[in-house]
K.L.:
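What follows is a structure written as structure tokens; I'll ask about it next.
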Number of protein chains: 2
Amino acid sequence: MSVTLHDVARAAGVSIKTVSNVINDYPHVRPATRARVNEAIGELGYQPNLSARSLRSGRTGAIALALPELSLSYFAELADSVIRAAERVGQVVIIEQTGGDRERELQLLSSSQRKMTDGLIFSPLGMGMDDAARLDVSYPLVLLGERIFDGPTDHVTMRNIDAARAATEYLISQGRRRIAIVGAHEGEVVGSAGLRLRGYREALDAAGIPFDEQIIAYTTLWHRSNGATAMRELLSRDVDFDAVFGLNDTLALGAMRVLQEAGYRVPGDVSVIGFDDLDEAMYSLPSLTTVDPGRAEIAEIAVRSLMERIETPQAVEAPRLHLAQFRIVERESTATA
Amino acid sequence: MSVTLHDVARAAGVSIKTVSNVINDYPHVRPATRARVNEAIGELGYQPNLSARSLRSGRTGAIALALPELSLSYFAELADSVIRAAERVGQVVIIEQTGGDRERELQLLSSSQRKMTDGLIFSPLGMGMDDAARLDVSYPLVLLGERIFDGPTDHVTMRNIDAARAATEYLISQGRRRIAIVGAHEGEVVGSAGLRLRGYREALDAAGIPFDEQIIAYTTLWHRSNGATAMRELLSRDVDFDAVFGLNDTLALGAMRVLQEAGYRVPGDVSVIGFDDLDEAMYSLPSLTTVDPGRAEIAEIAVRSLMERIETPQAVEAPRLHLAQFRIVERESTATA
DNA sequence: CTGAAAGCGCTAACAG
DNA sequence: CTGTTAGCGCTTTCAG
């Protein structure tokens, strides 16, 4: 049915090896021969059979990206960046959604689907430090996120503590002293929530501002509705605060909404900062000051690291950790009058 | 290196055919043999080589989804739904971003990447009716969206006209008569903008309300900022309106923000409706009334149609068109006091 | 019910 | 510079 190397070879009057050489840009082919082969390829509309090539070469040309779910904007934007980065190095991306479920994440690590790709970029949410050993797999793997540190693989992520400290310092520099937190996770140490809370505390300590449990609002999930609920709870506690640090943008956006509904002016009465620099942070009312955690850089480095491991698997270099550059993006929600 | 059928066969003391039979759930295998083989598989940690299987079977187990970009929430949520639907039928999904660029879309249709997948679900944005013939490809293809109709392939999309008419009728039923449009496209006939505008006009006609070009705002793109800009322009025209129909949610959200900044109350002074039922529509201030275009159904049917074409390519059935069920989702932005 | 053997389309030694 | 040939690991007739 489909046209093969043999067909092209026959049409061009050469052997299949020569056709193969032309296709793979093998240098030592006479220009005239090359031209003849290319013509035959064009005429017959030959396209290499990628499965055969994979079987032979052991490379598929695809990498997998596993993440919780695309309908969470952060991950959609991450996927966008990863696909772009992969495209630059000639790889396609298979996306697998885990729903942040630990069992599914664990399964996925040893699923036979792995055989379909050259490597995996993995952003777990359900797994924790105790599962680190499970990352010691036999294929190229790059870890994303803050669920597991010091694991057996390359790890690319953001400077959560530093960035959260910077965000808090930024609010303090604007004269805010009572900075509420939305989205903390009870007792968490690593994980985005734990790390960002730690950065917050560091900034408080450095400024000599006491930490007040009363203005910390906990949520399990980080959707906009959780931010809204957390803020309602905060308001019902009847405590004082003059700023809110949403541990991510959607939380901040949800909290900001409730704040405004309750009659507070943002940033007049309360200034608000988020974390992630989602597209939508730019268009909220008021637009949201936030932390750009370096998503594009994370994607770029993750793909590059993975490709290095794919291309030179023998290089048993120690696991590498890369922390992307962050920056505060100032917008209206923290503007000073 | 990796363990193959031969290794398993040797370990279990059977031939590779028997192992293959076990793996593929071929019925006529003696239970004892089956057990022995399964044990060997478990011990050796055998995983089938998917490339070899693909080469042999002609099926890859992957489908491609081509869309403009994941950072547009509508497409992220569509991708989410498609991945879930594909998973249910045992397929993985490769996502390709076109940026809505016609050239890239055209290229992608004949790229050798197609060989890596069993079929393509394609949501073009740059291509138009004139390019319909280009969809006549030799592999299973399902078209999404409203750029091309009556093309040579199966097509799954939403009831744009009906849904837009329903949205408009809904506003009219609440007593609104001066319904502004945000996001129209100059001279467009098909395409989401063209079709939704047509539904709007039909509702107006049916209600005997004159169409007024003065309250139609055009934009090229459909980002939130375009909705904001369009609304500013509308306000600067100094015309009267008591409702806004954003041709999608992000436009509506952007317009709603400007409206509120300008001191209008939503829905008090102006009620606002969107289209798409994005997650974020649920959490805006006020929450946004919108049209759920049946995204989950679209994904489900698209995958199912594609699989049918993949599994029975000989069935040269005529191209099918499926229009998903829509519904109005009532929220605060159109609440009547 | 199970085994032997052919071959999917390609790449890479190895010859020439 | 180009041709021959041997598999990559699997599925699948076809025998037994």
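Just so it is clear, the structure is predicted and the values come from calculations on it, not from any experiment. Below, chain A is the first sequence line, B the second, and so on; all start at residue 1.
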K.L.:
Which pairs, with at least one residue in residues 297-307 of chain A and sequence neighbours excluded, count as a salt bridge (Lys or Arg N to Asp or Glu O under 4.0 Å)?
P.N.:
A:R88-A:E300, A:E300-A:R304

K.L.:
Take the protein atom CG of A:N21 and the nucleotide atom P of C:dC14, then report the distance between them rounded to whole Å.
P.N.:
16 Å

K.L.:
Tell me: CZ of A:R10 to C1' of D:dG3, nearest whole Å?
P.N.:
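Taking CZ of A:R10 and C1' of D:dG3, I get 16 Å after rounding.
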
K.L.:
Can you name the residues that form a side-chain hydrogen bond (donor to acceptor under 3.5 Å, both in side chains) with A:D80, not counting sequence neighbours?
P.N.:
A:R84, B:S71, B:Q97

K.L.:
Quick one: CG on B:L109 to CE on B:M127, what's the gap to the nearest 0.5 Å?
P.N.:
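B:L109 atom CG to B:M127 atom CE measures 5.5 Å (nearest 0.5 Å).
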
K.L.:
Taking only residues two or more places apart in sequence or in another chain, which ones pass side-chain hydrogen bond (donor to acceptor under 3.5 Å, both in side chains) with B:S54?
P.N.:
none

K.L.:
Between P on C:dC10 and CZ on A:R59, what's the gap in Å once rounded to a whole number?
P.N.:
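After rounding, the gap between these two atoms is 18 Å.
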
K.L.:
Measure CD1/A:I16 against C1'/D:dT5 and give the value in whole Å, please.
P.N.:
9 Å

K.L.:
Among residues at least two apart in sequence or on other chains, which ones pass side-chain hydrogen bond (donor to acceptor under 3.5 Å, both in side chains) with B:S123?
P.N.:
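Listed in chain order: nothing, the list is empty.
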
K.L.:
When the distance from NE2 of A:H6 to C1' of C:dC8 is rounded to whole Å, what number comes out?
P.N.:
11 Å

K.L.:
Within this structure, what is the CG-to-P distance between A:L5 and D:dT4, rounded to whole angstrom?
P.N.:
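Rounded to whole Å, this separation is 14 Å.
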
K.L.:
Remember a base hit wins even if backbone is also touched, and classify B:T4 as base, sugar-phosphate or nothing at under 4.0 Å, heavy atoms.
P.N.:
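Here B:T4 touches the backbone only, sparing every base.
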
K.L.:
Which protein N or O atoms sit under 3.5 Å from an N or O of nucleotides 13-16 of chain D?
P.N.:
none

K.L.:
So which one's nearest nucleotide on DNA chain C is more toward 5', B:L55 or B:T18?
P.N.:
B:T18

K.L.:
Going by number, which of residues 35-54 of chain A have a non-hydrogen atom under 4.0 Å from DNA chain C?
P.N.:
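A:Y46, A:P48, A:N49, A:A52, A:R53 - these, ordered by number, are the residues of the stretch whose heavy atoms sit under 4.0 Å from the strand.
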
K.L.:
To the nearest Å, give me how far apart CE (B:M116) and P (C:dC10) are.
P.N.:
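Taking CE of B:M116 and P of C:dC10, I get 14 Å after rounding.
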
